[in-house]
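One-based numbering, in listed order, for ligands and for the atoms of each. Because the structure is a prediction, the values reported are computed rather than measured.
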Amino acid sequence: VIGELARHSLSPVLHNAAFRSLGMDWVYLAFPVAPGDGGAAVAAVRVLGLEGLSVTMPHKGDAARAVDRLSPVAGQLEAVNTVVRRGGDLVGESTDGDGFLDALRVDHGFDPAGRRCLVLGAGGAARAVVLALAGAGAAEVAVAGRTPDRVAAAAALAGDRGRVGTAAGAADADLVVNATPVGMDGSGQEDSLPLDLDPAVFGPGQVVADLVYAPPVTPLLRAARSCGAVAVNGVGMLVHQAARQFRMWTGAEPPLEAMSAAAVAALLAQG
Ligand SMILES: NC(=O)c1ccc[n+]([C@@H]2O[C@H](COP(=O)([O-])OP(=O)(O)OC[C@H]3O[C@@H](n4cnc5c(N)ncnc54)[C@H](OP(=O)(O)O)[C@@H]3O)[C@@H](O)[C@H]2O)c1
């Protein structure tokens, strides 16, 4: 994994647990890479003979420009979280959106097809989620956020089902997704709900997903639960997006339980 703060990434824990679980003689390492050096780090994959990379902040755009070709999703997002070596080519992929869908479907039995969705935030993760929800057949994907041009650009990824929404729209959505860091440990907003959402807005029958995984229960998820909604934290997305990477690099079926257990243990150890 390359990233400015790669040493803090949980990805090595997940992938190395998967290798151990399958008895594979592979290793996954964290390389802290300074802003501006992402393209050079991607080029090094070829020179060093690595099978691939995970890419985190702030290199996702640079990686998209440095690979030989992009998957359709990575091309639409202009961002890459996974580099895979296929023959002589480096291919840029994005597993966040599908990993999010896997977490909803596999872990919670929720299918977004035909559902009204509201995404809070308009950054990289929000864009991946908007595109994935539209691809999964959501009836509507509204985006609410604090920077209007980014909100409009994220909503446009859902085509004719995308629109600019407001936090108040959470009352009518089947699925509400927090894709801002509000509520995350270290965000400075640990006690807040994103976009000043009314904590009493939710009700039974709704699913509220927070992409934040530390803490495991954010103020948003606590509010959702106390209103009778289903609360989903970001651990499932973290595990499933990594599982998709694992399959791409190794061709092996990812050991989801080992990866999930390793993620939960590492998060508990972080306190
Ligand atoms: N579970 C997982 O596997 C997973 C994967 C990816 C990301 N995440 C989590 O998702 C969150 C977003 O990540 P990202 O990569 O998308 O970050 P990002 O690209 O920096 O985007 C952050 C978004 O949140 C908005 N935002 C930040 N602070 C806000 C505030 N106080 N009020 C309202 N909006 C605020 C930003 O608004 P502006 O546009 O106005 O700046 C931006 O739209 C992070 O907490 C990250 O840890 C989880």
Side-chain angles (χ1 to χ4, degrees), residues 1 3-6 8-11 13-15 35 54-64 77-82 94-104 106-108 118-132 142-155 157 164-167 170 176-197 208-221 231-246 256 259-260 262-264 266-267 270:
V1 54
E4 188 177 15
L5 303 175
H8 297 289
S9 170
L10 282 178
S11 294
V13 170
L14 271 75
H15 288 292
S54 302
V55 181
T56 66
M57 300 299 286
H59 304 307
K60 291 184 175 185
D62 286 347
L77 297 173
E78 297 172 8
V80 153
N81 82 337
T82 311
S94 179
T95 62
D96 277 338
D98 282 339
F100 174 72
L101 292 180
D102 289 344
L104 286 181
V106 178
D107 301 345
H108 298 278
L118 172 67
V119 178
L120 309 173
R127 290 169 59 83
V129 165
V130 167
L131 190 60
V143 182
R146 61 182 185 180
T147 308
D149 55 341
R150 278 189 215 150
V151 169
L157 287 166
V164 173
T166 64
V176 178
V177 185
N178 174 38
T180 79
V182 177
M184 183 173 75
D185 288 342
S187 67
Q189 295 191 288
E190 289 84 350
D191 299 325
S192 305
L193 270 69
L195 301 172
D196 295 325
L197 206 63
V208 179
D210 204 326
L211 303 196
V212 170
Y213 47 78
V217 184
T218 57
L220 173 70
L221 295 184
V232 177
N233 72 17
V235 177
M237 174 178 176
L238 181 73
V239 169
H240 285 285
Q241 65 77 28
R244 284 178 171 266
Q245 296 182 314
F246 188 90
L256 277 173
M259 296 173 86
S260 186
V264 170
L267 286 166
Q270 280 179 4

Put together the list of close N/O pairs, under 3.5 Å, between ligand 1 and the protein, could you?
| from | atom 1 | to | atom 2 | distance (Å) |
| --- | --- | --- | --- | --- |
| ligand 1 | 1 (N) | L211 | O | 3.0 |
| ligand 1 | 1 (N) | G234 | O | 2.9 |
| ligand 1 | 3 (O) | L238 | N | 3.3 |
| ligand 1 | 16 (O) | G124 | N | 3.2 |
| ligand 1 | 16 (O) | A125 | N | 2.7 |
| ligand 1 | 19 (O) | G124 | N | 3.0 |
| ligand 1 | 31 (N) | Q189 | OE1 | 2.6 |
| ligand 1 | 37 (O) | R146 | NE | 3.2 |
| ligand 1 | 39 (O) | R150 | NH1 | 2.7 |
| ligand 1 | 40 (O) | R146 | NE | 2.8 |
| ligand 1 | 40 (O) | T147 | OG1 | 2.3 |
| ligand 1 | 41 (O) | R146 | NH2 | 3.3 |
| ligand 1 | 41 (O) | R150 | NH1 | 2.7 |
| ligand 1 | 43 (O) | A122 | N | 2.8 |
| ligand 1 | 43 (O) | G123 | N | 3.1 |

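- Looking only at atom types and distance, the side chain of T56 has no donor-acceptor partner in the side chain of N81 under 3.5 Å away.
- Test L77, V119, V177 against V130 for side chain to side chain contact (heavy atoms under 4.5 Å, CB included) and you get one pass: V119.
- Judged by distance alone, with hydrogens and angles left aside, the side-chain atoms of T95 form a donor-acceptor pair with the main-chain N or O of Q241 at under 3.5 Å.
- A donor atom on one side chain and an acceptor atom on the other are not found under 3.5 Å apart for E4 and H59.
- Screening residues 179-196 for side chain to side chain donor-acceptor pair (under 3.5 Å), with sequence neighbours left out, gives N178-T180.
- The closest side-chain donor-acceptor pair between D107 and H240 falls under 3.5 angstrom.
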